[in-house]
Amino acid sequence: MLRNILRKNQFLKKMNTLLELYSYSHNTASTYQELLALEPLIRTKGERALFDLNRASLLYDMRKFREAADILLEIPPVNPQFDAQCAQMKTKIMEAM
């Protein structure tokens, strides 16, 4: 089922590829710029929330904690699993501040 979703959804496909490349390169600044370029491909509320969570994570990696916290506050609840991921990220940011 996930494979079918990824085939149809260009945003998720490109974002997953980008984040996989980031896991090897750890070039946060260029990954952040490329992630921002994917914003026009967002079509649903869930995609927007996932985009914002990944954006906040990259800002956290760049040590821009205030900006990351602001983004996390704007993410609406999507489902319990996603909300738990957001809560973990909020905890990391609050500890870092």
Rounded to the nearest 0.5 Å, what separates atom [atom1] in [X] from atom [atom2] in [Y]?
X	Y	atom1	atom2	value
T91	Q88	OG1	CD	7.5 Å
L41	Q10	CG	CD	7.0 Å
C86	I71	SG	CD1	11.5 Å
K90	D83	NZ	CG	8.0 Å
K64	T28	NZ	OG1	10.5 Å
E74	R48	CD	CZ	10.0 Å

What closest approach, in Å, do [X] and [Y] show between heavy atoms, and which atom pair accounts for it?
X	Y	result
A56	A68	O-CB, 3.5 Å
K45	P77	NZ-O, 4.3 Å
L36	F51	CD2-CZ, 4.0 Å

Quick one about D61 and Y22 (side-chain donor to acceptor, distance below 3.5 Å, no hydrogens or angles considered), yes or no? yes
How about S30 and N27: does a side-chain donor come under 3.5 Å of a side-chain acceptor?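 Result is yes, a qualifying pair exists.
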Could you check whether any side-chain heavy atom of [X] comes within less than 4.5 Å of a side-chain heavy atom of [Y], counting everything from C-beta outward?
X	Y	answer
L53	L72	yes
L12	M15	yes
F11	T44	no
T31	L21	no

Would you say M94 has more than 12 foreign heavy atoms packed within less than 6.0 Å of its CE? no
NZ/NE/NH1/NH2 to OD/OE distance under 4.0 Å, K14 and E34: no
Check whether any side-chain N or O of E47 sits under 3.5 Å from a backbone N or O of R43 as a donor-acceptor pair, and report yes or no. yes
